[in-house]
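In what follows, a structure is listed as structure tokens, so that the remarks can point back to it.
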Amino acid sequence: SIPVDTGTNMAHNSNGNKWFKYTATKNGKITISTCGLTPENTYVMVYDNCSVSVIASNDNYCNNQSQVCFLCDSGKIYYIVWKGSFTNGTYQWTLKEDNFLPSDICSIAITASTGTNVANNSKGDQWFKYTATKNGKITISTCGLTYEDTYVELYYDCNGWSFTFSNDYFSSQSQLSFISDSGKTYYIVWRGYYTNGTYKWRLKEDDLLPGDFCSIAITADTGTNIADNSKGEQWFKYTATKNGKITISTCGLTSENTSVQLYNDCNSRYITYNYYSCDSQ
């Protein structure tokens, strides 16, 4: 491993993986990043010694670039490897050491409350956690609360992958809903991808209703059905009775500004969508 210092360093993957090491100068936080420094598709992993499990890793934090943030102990050596998985190029990367703040990483997330909370991305990502009080639905949103370009991700714990995220749900704001279990703690991170500002966000906990999610979609019939968006999005499902054509429409039925998406299943992206086909229907 090559010893490095804070500031800008250089990696080259022409011969595969490239290893570095850094000795922390204080109890604090280390941020390692290629964001804004290269067009190369970078991938980074950090170890607390050369043979134990990874303590931080990232791919595609900001487009094809990588960034990790982790707590550090004064005098401890950390081992950093820039993987040659997706590039054989040469590029700059930075290492920054700071004092840590509550909410800097998942393990020291701030406890959120129902109602309005405040996120601050001036130092990067900010983590929150919330423990559900009932089996139901949780909605997290910045819609109507800020002009900042927000991005949110949800985690079941601090060691896995995000299970859902939202970006540009409405204009440049974010909103997502998920089924919640009573007593389960969920981890929320407002990413500093597109903003370093401070803004309000809302957390709402509701009873679960049929149609709230794809997995509990309401069975639709041929002919006229009723949709109700008073609680947000509403899901329906329909099983085709023959090989043919299906048409779904609100045209001539309402003055509401409607938008519809169609999916083959609950685990993939929509296959088609429509809005404004006939005025705002």
Side-chain angles (χ1 to χ4, degrees), residues 4-9 20 22-38 42-46 48 54-76 78 80 82 92-113 116-130 140-142 145-155 157-162 165-168 172-174 176 185-203:
V4 293
D5 205 347
T6 55
T8 302
N9 300 280
F20 300 87
Y22 177 75
T23 304
T25 64
K26 59 184 174 183
N27 296 331
K29 173 183 73 170
I30 291 175
T31 303
I32 294 169
S33 179
T34 55
C35 292
L37 297 174
T38 178
T42 63
Y43 185 96
V44 66
M45 302 176 76
V46 181
D48 61 3
V54 176
I55 60 171
S57 65
N58 182 258
D59 177 35
N60 297 343
Y61 177 92
C62 45
N63 295 320
N64 288 327
Q65 287 75 60
S66 308
Q67 182 168 303
V68 291
C69 179
F70 57 94
L71 296 183
C72 61
D73 298 325
S74 180
K76 185 168 182 59
Y78 296 91
I80 305 146
W82 289 99
Q92 293 180 323
W93 61 277
T94 57
L95 187 152
K96 185 180 180 183
E97 191 174 8
D98 292 304
N99 296 322
F100 73 83
L101 301 172
S103 76
D104 272 343
I105 62 174
C106 182
S107 61
I108 51 173
I110 297 171
T111 300
S113 59
T116 302
N117 300 272
V118 176
N120 180 355
N121 290 135
S122 61
K123 299 295 185 181
D125 300 339
Q126 191 171 49
W127 286 85
F128 295 83
K129 62 183 178 182
Y130 180 76
I140 293 167
S141 179
T142 56
L145 297 174
T146 181
Y147 293 106
E148 297 293 327
D149 190 348
T150 62
Y151 187 107
V152 66
E153 289 181 350
L154 264 291
Y155 291 76
D157 56 51
C158 290
N159 300 312
W161 298 95
S162 64
F165 71 95
S166 176
N167 179 39
D168 297 343
S172 58
Q173 284 77 59
S174 308
L176 54 80
T185 299
Y186 299 92
Y187 296 86
I188 307 150
V189 57
W190 291 98
R191 296 293 191 188
Y193 292 159
Y194 311 116
T195 177
N196 59 3
T198 299
Y199 49 90
K200 294 179 181 179
W201 63 278
R202 183 183 300 112
L203 188 151

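Since the model is a prediction, treat every value here as computed from it, not as a measurement.
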Inset, instruction - With side-chain contact (heavy atoms from CB on, under 4.5 Å) as the test, would you mind laying out the steps for Y199 and T150 before giving the verdict? - result: CA-CA 9 Å; Y199 49 90; T150 62; 3.6 Å; yes

Above 12 or not: heavy atoms from other molecules or residues under 6.0 Å from [atom1] of [X]?
X    : atom1 : value
N63  : CG    : no
K200 : NZ    : no
K96  : NZ    : no
Y193 : OH    : yes

How long is the gap from [atom1] on [X] to [atom2] on [Y], to the nearest 0.5 Å?
X    : Y    : atom1 : atom2 : value
S174 : L145 : OG    : CG    : 11.0 Å
L154 : Y186 : CG    : OH    : 9.5 Å
D157 : T185 : CG    : OG1   : 10.5 Å
T38  : Q65  : OG1   : CD    : 6.0 Å
I55  : M45  : CD1   : CE    : 11.0 Å
W161 : Y155 : CH2   : OH    : 8.0 Å

Legend entry - Parallel, tilted or perpendicular: ring planes of F128 versus W201, cut at 30 and 60 degrees: perpendicular

Legend entry - Audit row: Y61, T34, side-chain contact (heavy atoms from CB on, under 4.5 Å) steps and yes/no: CA-CA 9 Å; Y61 177 92; T34 55; over 6 Å; no

Measure from the side-chain N and O atoms of [X] to the backbone N and O of [Y], and report whether any donor-acceptor pair falls under 3.5 Å.
X    : Y    : result
Q126 : N120 : yes
Y78  : D73  : yes
N99  : G28  : no
N196 : G192 : no

For [X] and [Y], does a side-chain donor sit closer than 3.5 Å to a side-chain acceptor?
X    : Y    : result
S33  : Q67  : yes
Y22  : E97  : yes
Y194 : N121 : no

Just distance, no hydrogens or angles: give the donor-acceptor pairs under 3.5 Å from side chains in residues 104-111, sequence neighbours left out.
unit_1, atom_1, unit_2, atom_2, d
D104, OD1, K29, NZ, 3.4
D104, OD2, K29, NZ, 3.3
D104, OD2, L101, N, 2.6

Inset, instruction - Answer yes or no: is there a side-chain heavy-atom contact under 4.5 Å between W93 and T42? - result: no

Inset, instruction - Take T146 and T195, measure what side-chain contact (heavy atoms from CB on, under 4.5 Å) needs, and give me the verdict at the end. - result: CA-CA 11 Å; T146 181; T195 177; over 6 Å; no

Legend entry - Set of salt bridge (Lys or Arg N to Asp or Glu O under 4.0 Å) partners for E148, sequence neighbours left out: none

Legend entry - Sequence neighbours excluded - salt bridge (Lys or Arg N to Asp or Glu O under 4.0 Å) pairs with any residue from residues 116-127: D125-R191

Legend entry - Set of residues satisfying disulfide (SG to SG under 2.5 Å) with respect to C69, sequence neighbours excluded: none

Inset, instruction - Kindly give the heavy-atom pair with the smallest separation between A24 and I30, and that separation in Å. - result: CB-CD1, 4.4 Å

Legend entry - Residues that Y147 engages under ring pair (Phe, Tyr, Trp, His ring centres under 6.0 Å), provided they are two or more places apart: none

Legend entry - ring pair (Phe, Tyr, Trp, His ring centres under 6.0 Å) partners of Y187, counting only residues at least two apart: none

